[in-house]
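The block underneath contains the structure these notes are about, expressed in structure tokens.
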Amino acid sequence: MLGNGVFNGMYNSATVWASDSSMYFDGVNDVASLVGTEGSFDELFSSDGMTVSMWVRLSTTDDCSFFQMWSRTTGRILFFWDASAQKVYLSRSDNNNQNTQTQSANLATNTIGSTNHCHLVFRISNGSISIVVNSVLGESLVDTVPIWSVGGAYEIYFGASKNTSNVFNKFSQGWIHDITIWNTHLPTSTINEIYNQGLPNNVLELKDNNLEYYQTCSEKNFESETEPIPTVNNISPNNPVLSGAIISRHDQIS
């Protein structure tokens with residue numbers, strides 16, 4: 001959706017278009033939740049893994065979570081930023097919160113806080129984890145990653161996460177938009193293309209046959225400020241629910 005120019009990754013930072021909107025989180029108990037029914041997320045757990053893409057800008061230097069997928073039967077996937085380490089982490093744990101596999105990539109404070117917004121992608125399968133920041137691929141972890149089973153009840157959280165005591169923490173303060181989920185391990189070339197799109201036309205996010213979820217956050221795709229309607233939602237019969245979070249133009253609170 002965002003970006004300038006040709007396929008040269010870091011040479012073309014994301015341009016923020018005035019007509020576009022984001023989910024805004026104020027850092028105090030704000031969260032967006034997507035709840036699935038029994039088996040509704042099963043398409044995400046194919047043998048080909050899954051890929052999640054989003055654009056982010058923080059207005060804080062506190063630790064925060066961008067994305068968490070949680071299942072009562074198969075554990076957690078957590079994507080979060082550690083401010084002191086200036087790294088973004090992806091972790092996968094089993095249903096006992098054990099056997100955690102973690103990978104990280106550098107993400108400096110001035111990058112995650114840039115007015116250009118930062119493009120974050122992670123890919124995860126039963127055998128590997130990798131993170132891409134502004135089209136730069138970090139070192140991949142190739143190991144035995146806990147396997148997802150199907151048929152459970154799942155929840156996805158944007159802008160916060162739940163700890164092992166089932167309490168929300170790591171609240172984001174800033175903007176998250178154009179969240180996209182595919183049930184495949186996208187090639188780096190496709191991720192670079194998405195980063196370098198010259199117009200907010202959403203063509204590359206929407207064209208892949210493995211697309212399961214796309215939340216554009218554009219005004220024309222929302223019926224109200226409190227009820228976001230994704231462009232594509234094949235993973236849940238429910239729409240995401242905003243708790244405290246609002247829909248706001250990029251870099252504006254209201």
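No hydrogens, no waters, no symmetry mates; every other heavy atom, side chains included, goes into these values. The model shown is predicted, which means the values in this text are computed figures rather than measured ones. Throughout, residue positions are numbered sequentially from 1 according to the sequence presented.
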*asked:* Quick check: closest heavy atoms across F168 and S33, and the distance to 0.1 Å?
replied: CZ-OG, 4.5 Å

_Minimum-distance pair of heavy atoms, taken over all atoms of V133 and C118_ =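 V133 and C118 have their closest heavy atoms at CG1-SG, 3.8 Å.
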
Under the 3.5 angstrom rule, does the side chain of [X] hit a backbone N or O of [Y] as a donor-acceptor pair?
{"X": "S172", "Y": "G174", "result": "no"}
{"X": "W81", "Y": "L107", "result": "yes"}
{"X": "S114", "Y": "N116", "result": "yes"}
{"X": "S236", "Y": "V35", "result": "yes"}
{"X": "D30", "Y": "F171", "result": "no"}
{"X": "T51", "Y": "L186", "result": "yes"}

*Over 60° means perpendicular and under 30° means parallel, so classify the ring planes of H119 and W55, tilted if in between.*
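The arrangement is parallel - the two ring planes meet at less than 30°.
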
Close side-chain approach of [X] to [Y], heavy-atom, < 4.5 Å:
{"X": "I112", "Y": "V88", "value": "no"}
{"X": "M50", "Y": "I124", "value": "yes"}
{"X": "N234", "Y": "V232", "value": "yes"}
{"X": "F158", "Y": "M54", "value": "no"}
{"X": "F67", "Y": "L90", "value": "no"}
{"X": "N239", "Y": "P230", "value": "yes"}
{"X": "L120", "Y": "F79", "value": "yes"}
{"X": "R123", "Y": "T188", "value": "yes"}

*What do the steps show when you test S161 against R76 for side-chain contact (heavy atoms from CB on, under 4.5 Å), and what is the final call?*
CA-CA 10 Å; S161 57; R76 287 172 167 81; over 6 Å; no

*Verify side-chain contact (heavy atoms from CB on, under 4.5 Å) between S53 and I191, making sure each step is shown before the conclusion.*
CA-CA 8 Å; S53 165; I191 294 171; over 6 Å; no

*Test log, rule side-chain hydrogen bond (donor to acceptor under 3.5 Å, both in side chains), inputs D82 and S84*: CA-CA 6 Å; D82 186 312; S84 59; 2.8 Å; yes

*Give me the one residue out of N210, N209, L211 that meets side-chain contact (heavy atoms from CB on, under 4.5 Å) with T184.*
N210

*Go through the steps for I77 and F122 under the test side-chain contact (heavy atoms from CB on, under 4.5 Å), then give the verdict.*
CA-CA 11 Å; I77 293 173; F122 70 80; 4.1 Å; yes

*Indicate if F41 and L78 have the same hydrophobic cluster label, given that clusters are the connected sets of ILVMFWY residues with side-chain heavy-atom separations under 4.5 angstrom.*
no

